2 protein chains.
Amino acid sequence: MPRTALTRDDVLDAAAALVRQLGPEALTMRKLAAELGTAVTSIYWHVGNRESLLDELVARTVREMGAIAPSGRSPVDRVLSIARAQRRMLRDRPHLIAMVHERGLTELMFLPAQQALVHELHDAGLRGARAAEALRAIEFHVIGFVLVERNRERSPAQSPAEQDLWDTATAGHDPALARALAAPPDPERLFTTTTRALVGSLLCV
Amino acid sequence: MPRTALTRDDVLDAAAALVRQLGPEALTMRKLAAELGTAVTSIYWHVGNRESLLDELVARTVREMGAIAPSGRSPVDRVLSIARAQRRMLRDRPHLIAMVHERGLTELMFLPAQQALVHELHDAGLRGARAAEALRAIEFHVIGFVLVERNRERSPAQSPAEQDLWDTATAGHDPALARALAAPPDPERLFTTTTRALVGSLLCV
DNA sequence: ACCTGAACACCGTTCAAGT
DNA sequence: ACCTGAACACCGTTCAAGT
């Protein structure tokens, strides 16, 4: 018997810590029970089963995801600030965000940020279908960028590193290109550049 | 004993079929053995273990991914055609591509397409670091888009559907926006729009 | 060289039994 | 209301033994 009665929140907190650090595949009911000092089956009484435990962690993540305050002078700058804030939030909770995504709750999670975006799009003079398309373009871009970024970070050492792939021969007599591709991309800079390019194009045409 | 001797390729073919349809988590050594009519342990003799089996499937995918022929008149159109071809390839092999990605072989897999892209960027007058940045921007965009797209397709029915989230109230007195967001996005159109916006912005500035 | 069954250490889950 | 151990049906993998 544990020192104090085991609560549902005890289980959720321990599970969240595990998932946040090591990902959902590291969460086994037996490990969790060992960490909590209870029998495996006690956990089932509190949270049903493994799947609904993960569901609850996802619900928490959606709830925690707060509103976003845009900053900057022009609509483009403010959209950019929202995109940057979204990127940071996504990067901070990679495993949990992936689980939110798998469960189809991404839209709900992003609703506050999207409403802020709509405000900026309206300010920039975009309305109706045009605003809707711009909104989705930005959303796809931000989420997609972070997904690619994370995939790159998680990857084991690239078997043929980009340096080796892009020697001067394959780069088509452009040694400066080969040099630029030899260094790993700076995601911060790349995100700003591409987001600005996309948003600028969407808002000004 | 099986009717004909079991070969390494038999194992790989059966495994590839399983993974292509149902994903890697559906590939259990016991199911595979049952399908091949052999003992589980025979598979180990041919392919080592489950992980190296999956590695070999990934290597096959990278090998199969052929070169890409750009089409179109302007550099922007040709870049767009490459992006579209990449998107189709990525969508056709979702599970295997994800595995390529996890193993850090995405760069290698995309090298032919990237070389085609560099050719177009050069034609458009971009060289050196500018060309490198444009190349990476396009790559992040295409891969990111498909990742988001697949995530949306795989998702179970969105718990609060976008229709419910975006009623006229939250849409900021823009009923046309609310209507546009009520329909699911048309990925084909969105991909073309956003890619053209990004590429146009990268090539013309 | 190739195949086999038995065994091991893991899973998630159910259930009857306890307090 | 809460907790328990035993049991079940799954995993991937190893290994000594067969041909």
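So you know, we letter chains A, B, ... as the sequences are listed, proteins then strands, and number each from 1. These figures come from a predicted structure and were not determined experimentally.
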*Asks:* For B:M29 and C:dG5, give me the distance from atom CE to atom P, rounded to whole Å.
*Replies:* 16 Å

*Asks:* Round to a whole Å and report the spacing from CD of B:E51 to C1' of D:dG12.
*Replies:* 11 Å

*Asks:* Starting at atom CG of A:D10, determine the distance to atom P of D:dC2, rounded to an integer number of angstrom.
*Replies:* 12 Å

*Asks:* Could you state the CG-P distance from A:L36 to D:dT4, rounded to the nearest angstrom?
*Replies:* 11 Å

*Asks:* If you check every side-chain atom of B:V40, which of D:dT13, D:dT4, D:dC11 has the closest atom?
*Replies:* D:dT13

*Asks:* Send over the distance from A:L27 CG to C:dC11 P, rounded to a whole Å.
*Replies:* 11 Å

*Asks:* Starting at CZ of B:R50 and ending at C1' of D:dT13, how long is that distance when rounded to a whole Å?
*Replies:* 12 Å

*Asks:* Taking the side chain of A:W45 as heavy atoms from C-beta outward, which of D:dC2, C:dC2, D:dT13 is closest to it?
*Replies:* D:dC2

*Asks:* In whole Å, what is the span from the CD atom of A:E25 to the P atom of C:dC10?
*Replies:* 17 Å

*Asks:* Of the nucleotides D:dT4, C:dG5, C:dC11, which one has an atom closest to the side chain of B:A39?
*Replies:* C:dG5

*Asks:* With respect to the side chain of B:N49, which nucleotide from D:dC3, D:dC11, D:dT13 is positioned closest?
*Replies:* D:dT13

*Asks:* Can B:R8 and B:D13 be counted as an ion pair, charged N to O under 4.0 angstrom?
*Replies:* no

*Asks:* From C:dT13, D:dT4, D:dT13, pick the nucleotide closest to the side chain of B:Y44?
*Replies:* D:dT13

*Asks:* Taking the side chain of A:T41 as heavy atoms from C-beta outward, which of C:dC3, D:dC11, C:dT14 is closest to it?
*Replies:* C:dT14

*Asks:* Give none if C:dG12 has no partner; otherwise give the nucleotide forming a Watson-Crick or G-U wobble pair with it, both distances under 3.5 Å.
*Replies:* D:dC8

*Asks:* CG of A:L27 to NE2 of A:H95: how many Å apart, nearest 0.5 Å?
*Replies:* 12.0 Å

*Asks:* How far apart are the C-alpha atoms of A:D55 and A:S52, what are their side-chain angles, what is the distance that settles it, and do they pass the side-chain hydrogen bond (donor to acceptor under 3.5 Å, both in side chains) test?
*Replies:* CA-CA 5 Å; A:D55 285 344; A:S52 53; 6.0 Å; no

*Asks:* Out of D:dT13, D:dC3, C:dG5, which nucleotide sits closest to the side chain of A:S42?
*Replies:* D:dC3

*Asks:* Of the listed nucleotides (C:dC11, D:dC15, D:dT4), which one gets closest to any side-chain atom of A:R30?
*Replies:* C:dC11

*Asks:* Can you tell me the distance, in whole Å, between the CG atom of A:L32 and the C1' atom of C:dT13?
*Replies:* 15 Å

*Asks:* Is A:R87 positioned over the aromatic face of A:F191, cation under 6.0 angstrom from the ring centre and no more than 45 degrees off axis?
*Replies:* yes

*Asks:* Does atom NE2 of B:H119 have more than 12 heavy-atom neighbours, drawn from other residues, nucleotides or ligands, at distances under 6.0 Å?
*Replies:* no

*Asks:* Taking only the side-chain nitrogens and oxygens of B:H46, find out if one of them lies under 4.0 Å from OP1 or OP2 of C:dA1.
*Replies:* no

*Asks:* Scan every strand shown for a Watson-Crick or G-U wobble partner of C:dC3, both distances under 3.5 Å, and answer none if you come up empty.
*Replies:* none

